[in-house]
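What follows is a short report on a single structure.
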Amino acid sequence: MNPVRTLVFLGVVAGFSGLLLAACAWVEGGGFLSRETLELWSRALLLDHEGFLLQQGQSFYPPLPFLLTLAVQPFVPAGPPPPVLVSCLLGGLMAATWRADLRERGDVGRLASLAIVALLVLNPLFLRCVAEGPAQVLLVIGVWTVGRGFFSLRLSGSAHDMMRFALGLLILAFSHRYGMMLVLAAFPFASVAARPSLLTSSPHGYLVALFFPVAGAAFAYLFLGAVFSDGLVETLLSPPGRAGADQALQGWQAAAWRLCLALCVAPAVLGALAAARATARLALPMAATAATVVAAALLDLAYGYQPELALALAPMLTAAFVAIRYWPTKRGRTPAALALSLVGVFGGALTLGLSTAPGASAWRAAALSPAPVTLLAEVGEVAAFLRGRDDLMMDPQASPELVVALGGPPGVVTPGDPRFERALARGRPASAWVAVRAEGLPAGRPDAVARAFGAALGPESPTYELVLRQEDWRIYRRRTLPLMQMGGAT
């Protein structure tokens, strides 16, 4: 590869990663840190605890965001949250690849290619994806890979193109539960975008070659989940529910609302389809890419794997990019692509502004916050009280923000740990400290410690006393613990 092109590529990666990191730092300054980021960060911190993965018996689905966070965690002991840093690096890498694709293969000018990519990557929907966590960015990258696969299958249809398409499906399936909706939605459009000769010679073999890798990997993952009894099937079958801008709409009204917002986010798709209406080899892959995203959003109305509508429609930015990349005529393409991408920025802002999901509302409030807000302020007092104390029993999946605030407490006893199982068999905990979350909080799953030992931690308990009580938290100390070890903090 040309050294100059390599330096330019790395410079674009660094530039866009820096811009995305600055945008995330802005909303973090307003007090926003997504639930997904907290959970990934807490898992990476707890991995320092010996045998945590084995004791928990978890497959950590989806694995790709967790593995990437785990790889970055040792290099950022201080600074931005590792999941956010992963999101920004992925976004910067994707932006640089898009820019190189437009410049070197799409024959778009230097400044024009940079401006088009900037309008797509700095779209409020993509900024929301980056702030949410690496899983959302991986969904956008997966749809882009599938979209490129649609064009490659139509234009050449080689084995390499089939592998690229299958790779996109694998990224989608192992990045987020909503990725399975995108995989299912892509199935019928793989036939629409294929070369007629492939379907004529071996239609069944063609579809098997495309979807066998993701199907085989999914079944293997489910088998491992069954062996380790990690509750993966229950997790996949218990979506969080739908809570987006169309939550008050039902049936065809909700479907029409999602379709309209999708077109507002990616008007470049309509422009490119209008220009390619007489060229089926370009128009059909364009339509297949956009239709995959829209069909997944409509399919998710029945499942709710992506509770925020803005995040469900964010992959439409990929459909806009591939439409611009394969725009059939050069005349008028650049000004039209710039204008339509700018309209898409306003469409993304409209979609995000109309969303009533808690995550979107919190992101908007943080982005518009006039003054800095301390991150994790709600657990500051609890973390200060528990910091430095060993033998702490807690449920990290119900309280990831406490794990992050403590920096990964040493000697933590978690559900799945043999010490927790022995305490469960006795019917009472034996740890020096127990932290439980108050019931009825919208913070994920119920606290396993409170559910297992609620009676043993009651006011009449002979072995534990309540030493710190907050609206959301209860901290208990074993009565046999010498008072001098409390450090005078109560």
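From a predicted model like this one, the values you see are computed outputs, not experimental measurements. Position 1 is the first residue of the sequence; numbering continues from there.
Between R479 and T463 there is no side-chain heavy-atom pair separated by less than 4.5 Å. Contact annotation: the side chain of W473 approaches that of V379 to within less than 4.5 Å [non-hydrogen atoms, C-beta and beyond]. When side chains are defined from C-beta on, F211 counts as touching F165, because their heavy atoms get closer than 4.5 Å. No side-chain heavy atom of R474 sits less than 4.5 Å from a side-chain heavy atom of L457. When side chains are defined from C-beta on, F75 does not count as touching P82, because their heavy atoms never get closer than 4.5 Å. The shortest side-chain heavy-atom distance between M394 and V434 does not fall under the 4.5 Å cut-off. The side-chain heavy atoms of L169 and P213, taken from C-beta on, include no pair separated by under 4.5 Å. Side chains of V382 and I475 form a contact here, defined as non-hydrogen atoms less than 4.5 Å apart.
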Verify side chain to side chain contact (heavy atoms under 4.5 Å, CB included) between L68 and L138, making sure each step is shown before the conclusion.
CA-CA 11 Å; L68 290 173; L138 285 169; 4.1 Å; yes
Test side chain to side chain contact (heavy atoms under 4.5 Å, CB included) on E401 and E39 and set out the steps.
CA-CA 8 Å; E401 57 268 59; E39 290 178 351; over 6 Å; no
Checking T292 against V143 for the side chain to side chain contact (heavy atoms under 4.5 Å, CB included) test, could you report, in this order, the C-alpha distance in whole Å, the side-chain angles of both residues, the deciding distance, and whether it holds?
CA-CA 9 Å; T292 295; V143 172; 5.9 Å; no
Decide yes or no on side chain to side chain contact (heavy atoms under 4.5 Å, CB included) for I324 and I116, but give the supporting numbers first.
CA-CA 9 Å; I324 295 170; I116 290 171; 3.9 Å; yes
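Between the side chain of E36 and the backbone N or O of A135, at least one donor-acceptor pair lies under 3.5 Å. With R478 contributing its side chain and A430 its backbone, the two residues share a donor-acceptor pair below 3.5 Å. R387 places a side-chain N or O within 3.5 Å of a backbone atom of A405 that can act as its donor or acceptor partner. Although no hydrogens or angles enter the test, the distance criterion places no donor-acceptor pair under 3.5 Å between the side chain of W433 and the main chain of L386. Put simply, the side chain of R364 gets close to the backbone of S355: a donor and an acceptor are under 3.5 Å apart. Between the R258 side chain and the A297 main chain, a donor and an acceptor come within less than 3.5 Å of each other. The backbone N or O of V449 sits nowhere less than 3.5 Å from a side-chain atom of D395 that would complete a donor-acceptor pair.
A distance of 10.0 Å separates CG of L21 from CG of L19, quoted to the nearest 0.5 Å. Considering CG of L139 and CZ of R177, their distance stands at 12.0 Å, rounded to 0.5 Å. Separating the CG atom in L93 from the CH2 atom in W98 is a distance of 11.5 Å, to the nearest 0.5 Å. Taking OH of Y476 as the start and CZ of R469 as the end, the distance is 7.5 Å to the nearest 0.5 Å. For the atom pair E28 CD and S34 OG, the distance stands at 9.0 Å (nearest 0.5 Å). From Q136, atom CD reaches atom OG1 of T37 across 9.5 Å, with rounding to the nearest 0.5 Å.
Residues forming a side chain to side chain donor-acceptor pair (under 3.5 Å) with T318 (at least two apart in sequence, or on another chain): none. Scanning for side chain to side chain donor-acceptor pair (under 3.5 Å) contacts around R148 gives D101, Y326, with sequence neighbours left out. Residues satisfying the side-chain contact (heavy atoms from CB on, under 4.5 Å) criterion with L350, sequence neighbours excluded, are L354. Considering only residues two or more places apart in sequence or on other chains, F16 meets the ring-ring contact (aromatic ring centres under 6.0 Å, His included) condition with none of them. Under the rule for a side chain to side chain donor-acceptor pair (under 3.5 Å), T97 has no partner lying at least two apart in sequence or in another chain. With sequence neighbours excluded, the residues forming a side-chain contact (heavy atoms from CB on, under 4.5 Å) with I141 are L90, M94, V137, W144, T145, listed by chain and number. Every residue two or more places apart in sequence or in another chain was checked for a ring-ring contact (aromatic ring centres under 6.0 Å, His included) with Y464, and none qualifies. For R426, there are no side chain to side chain donor-acceptor pair (under 3.5 Å) partners at least two apart in sequence or on another chain. Contacts of F346 classified as side-chain contact (heavy atoms from CB on, under 4.5 Å), with partners at least two apart in sequence or in another chain: L342. Not a single side-chain contact (heavy atoms from CB on, under 4.5 Å) links A215 to another residue, sequence neighbours left out.
Heavy-atom minimum distance, S42 versus V404: N-CG2, 3.9 Å. Nearest heavy-atom pair, P400 versus A398, reported as atom, atom and distance to 0.1 Å: CD-C, 3.5 Å. Here the closest heavy-atom approach between residue L313 and residue V265 is recorded as O-CG1, 4.2 Å. Taking both residues in full, the closest heavy atoms of A310 and T351 are given as CA-CG2, 4.1 Å, listed atom of the first, atom of the second, then distance. Considering all non-hydrogen atoms of both residues, Q73 and L45 come closest at NE2-CD2, 3.3 Å. The shortest non-hydrogen separation linking L184 to L299 is CB-CD2, 4.2 Å.
Of the options P65, C88, S175, a side chain to side chain contact (heavy atoms under 4.5 Å, CB included) to P134 is made by P65 and by none of the others.
Within 6.0 Å of the CZ atom in R428, the count of heavy atoms belonging to other residues, nucleotides or ligands does not exceed 12.
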Got a list of side-chain donor-acceptor pairs under 3.5 Å for residues 119-130, not counting sequence neighbours?
residue : atom : partner : partner atom : Å
N123    : OD1  : L125    : N            : 2.9
N123    : ND2  : G344    : O            : 2.9
R128    : NE   : E308    : OE2          : 3.0
R128    : NH1  : E132    : OE1          : 2.8
R128    : NH2  : E132    : OE1          : 2.8
R128    : NH2  : E308    : OE1          : 2.8

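Judged as a salt bridge (charged side-chain N to carboxylate O under 4.0 Å, His left out), not a single pair has a partner in residues 8-21 (not counting sequence neighbours).
Geometric assessment of R451 against the ring of F453 yields a negative cation-pi assignment under the 6.0 Å and 45° thresholds.
In this structure, F174 has its ring center no closer than 6.0 Å to that of F66.
By the 30° and 60° cut-offs, the orientation of the rings of Y305 relative to Y303 is parallel.
If you check the side chains of Q470 and E381, you find a donor sitting under 3.5 Å from an acceptor.
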